[in-house]
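Here's the structure, in structure tokens; my notes come after.
Numbers restart at 1 for each chain; the letters A, B, ... are given by sequence-line order, proteins then strands.
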Number of protein chains: 2
Amino acid sequence: MAVETRDRIIEAADLLFYQHGFEATSFADIASAVGISRGNFYHHFKTKDDILDSVINRRLANTEQMLDRWEVTGSDPAERIRSFIHILIVNGEKIRKFGCPVGTLSSELAKLNHAAKSDAAALFTLFRSWLRRQFERLGFGDRSDELAMHILGRSQGVATLANAFDDDGFLHHEVDLMCAWLDDQIAGLTTTNNSIRE
Amino acid sequence: MAVETRDRIIEAADLLFYQHGFEATSFADIASAVGISRGNFYHHFKTKDDILDSVINRRLANTEQMLDRWEVTGSDPAERIRSFIHILIVNGEKIRKFGCPVGTLSSELAKLNHAAKSDAAALFTLFRSWLRRQFERLGFGDRSDELAMHILGRSQGVATLANAFDDDGFLHHEVDLMCAWLDDQIAGLTTTNNSIRE
DNA sequence: CTAGATATAGGACGACTGTCCAAATGCAGA
DNA sequence: TCTGCATTTGGACAGTCGTCCTATATCTAG
């Protein structure tokens, strides 16, 4: 079936774009990874940028699905935010090798002046909005977006350095710090609320 | 003179590698930027990787020079650390366009499995050691390296997101947060010292 | 002023790039 | 079984890549 091949192309391209970058990945690389002829590509995609679009859409869908799952299973918003922070550990090995899939793609597309840069930024926005929603539910109000951006940035920095130094200890230590920071924020919030109420 | 041309090549390559990435920058790009013929390259460099090495060495030298300057002029270590944090603002425009020169190069070379990745990481090490030294002088002892890595990571994350969202406000806000964090650390340190002494 | 080293120019090279196309194959319904 | 569409193949294409080579120009030392 045609859809199967198309999906296999997108899946292989997704992995290769992550591991070696968009520019450095050629049609020949993807073709040999999928096990098809190069010519067959243009029956499924018009151009390489089309594949990039599909890869980004795939990532958007997968991310949305993951965040939705967390929103259903995770009981309280703080626990959900901790789930986000712990992606760094769950994907630690990949991150040490290739960095964060979102951040590195966004950086590369920025340097390439690529039209899809804003689409890659939409991946960040997905996390940002989800995190903001969790902070809002915790009662942070207008500060929620700032806090969402803050831990989004923290995790980006951790990913970059863990990759540069291939350092697992640093990664774990910073994850602990981020969780502690979250607890502090929540503690600060409740004391403020209490002092207002009382 | 030959050295002049060589330096101009390195300078142009440095800029282009930063703005468009190592892989995406061709000899033709550098040649036209310098205003010389392509063939002339191989009188100064054997290979493209040789240019990359020279560019990294140039960055290492420039960075070391900048840090040395800060260590001479800046009176107290805390002020020096604040100088580091404020690079984000000083270079804000470039960072929003192209990200952090150190982090993005390191990420790219990691994906390319490039031999010079460790050389790029040495750039990080330069900042890391310098920061650690400042924290040591402030009296943080064994925690100095952790703290150095922490703000190094924070600034990396800020650069990545400021680039992805092209957001100047976020950049400034996070710089303020980092300075506040530094003040907190120092405040926590002196109270501990006082309580020990008394 | 000349000989030799240094520097530059411009093009050749094979390999690879993204793109496109014609021919072959596989599979559906009539 | 035959027709027609979807799918796949392998190669052609123009261009660019990093690399290399030779001829020319420029400069310096004797």
Checklist line | A:E136/A:R132 ion pair, N-O < 4.0 Å | finding: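 A salt bridge links A:E136 with A:R132.
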Margin query: Quick test of your reading of the model: are B:R82 and B:E79 salt-bridged, counting only N-O distances below 4.0 Å?
Written below: yes
Using distance only, find each side-chain donor-acceptor pair of residues 118-125 of chain B under 3.5 Å and give its atom names and separation, not counting sequence neighbours.
from, atom 1, to, atom 2, distance (Å)
B:T125, OG1, B:A121, O, 3.1

Determine: side-chain N/O of [X] to OP1/OP2 of [N], distance under 4.0 Å, yes or no.
X: A:H44; N: D:dT8; answer: yes
X: A:T5; N: D:dT8; answer: yes
X: A:Y42; N: C:dT19; answer: yes

Check: What about A:V55 and A:L15, same hydrophobic cluster or not, with Ile/Leu/Val/Met/Phe/Trp/Tyr joined at side-chain heavy-atom distances under 4.5 Å?
Finding: no
Gap between atoms [atom1] and [atom2], on [X] and [N] respectively (whole Å):
X: A:F41; N: C:dG18; atom1: CZ; atom2: C1'; answer: 11 Å
X: B:F45; N: C:dA7; atom1: CZ; atom2: C1'; answer: 14 Å
X: B:H43; N: D:dT22; atom1: NE2; atom2: P; answer: 15 Å
X: A:L52; N: C:dG18; atom1: CG; atom2: C1'; answer: 14 Å
X: A:N40; N: D:dA6; atom1: CG; atom2: P; answer: 15 Å
X: B:I51; N: D:dC17; atom1: CD1; atom2: P; answer: 13 Å
X: A:D50; N: C:dC20; atom1: CG; atom2: P; answer: 11 Å

Check: Are the side chain of B:R6 and the backbone N or O of B:H44 linked by a donor-acceptor pair below 3.5 Å?
Finding: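 Side chain of B:R6 to backbone of B:H44: a pair is present.
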Checklist line | Exam field: side chain B:Q156 to backbone A:L161, donor-acceptor pair closer than 3.5 Å | finding: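 Checking the backbone N and O of A:L161 against the side chain of B:Q156, no donor-acceptor pair under 3.5 Å is found.
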Item checked: Nearest to side-chain heavy atoms of A:K48, which nucleotide of D:dT8, C:dT19, C:dA7 ->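 Selected nucleotide: C:dT19.
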Item checked: Five-pair end axes of the helix from C:dC1-D:dG30 to C:dC27-D:dG4 and the angle they enclose, rounded to 10° ->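 Comparing the axis at each end, I get an angle of 10°.
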Next item on the list: Could you note down all residue pairs passing side-chain hydrogen bond (donor to acceptor under 3.5 Å, both in side chains) where residues 29-41 of chain B supplies at least one of them, sequence neighbours left out?
Entry: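 For residues 29-41 of chain B, and leaving out neighbouring residues, the side-chain hydrogen bond (donor to acceptor under 3.5 Å, both in side chains) pairs sorted by first residue read B:S26-B:D29.
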Next item on the list: Taking only heavy atoms on the protein side, list every residue of residues 26-39 of chain A lying under 4.0 Å from any atom of DNA chain C, sorted numerically.
Entry: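 Within this stretch, A:S26, A:F27, A:A28, A:G39 sit under 4.0 Å of the strand.
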Next item on the list: Kindly write out the residues that satisfy side-chain contact (heavy atoms from CB on, under 4.5 Å) with B:R58, not counting sequence neighbours, or none if the list is empty.
Entry: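 So B:R58 forms a side-chain contact (heavy atoms from CB on, under 4.5 Å) with B:I10, B:E11, B:D14, B:N62.
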Show me the side-chain donor-acceptor pairs of residues 92-105 of chain B shorter than 3.5 Å, one per line, residues at least two apart or across chains.
from, atom 1, to, atom 2, distance (Å)
B:R96, NE, B:D166, OD1, 2.9
B:R96, NH1, B:D168, OD1, 3.0
B:T104, OG1, A:K111, NZ, 3.1
B:T104, OG1, B:C100, O, 2.7

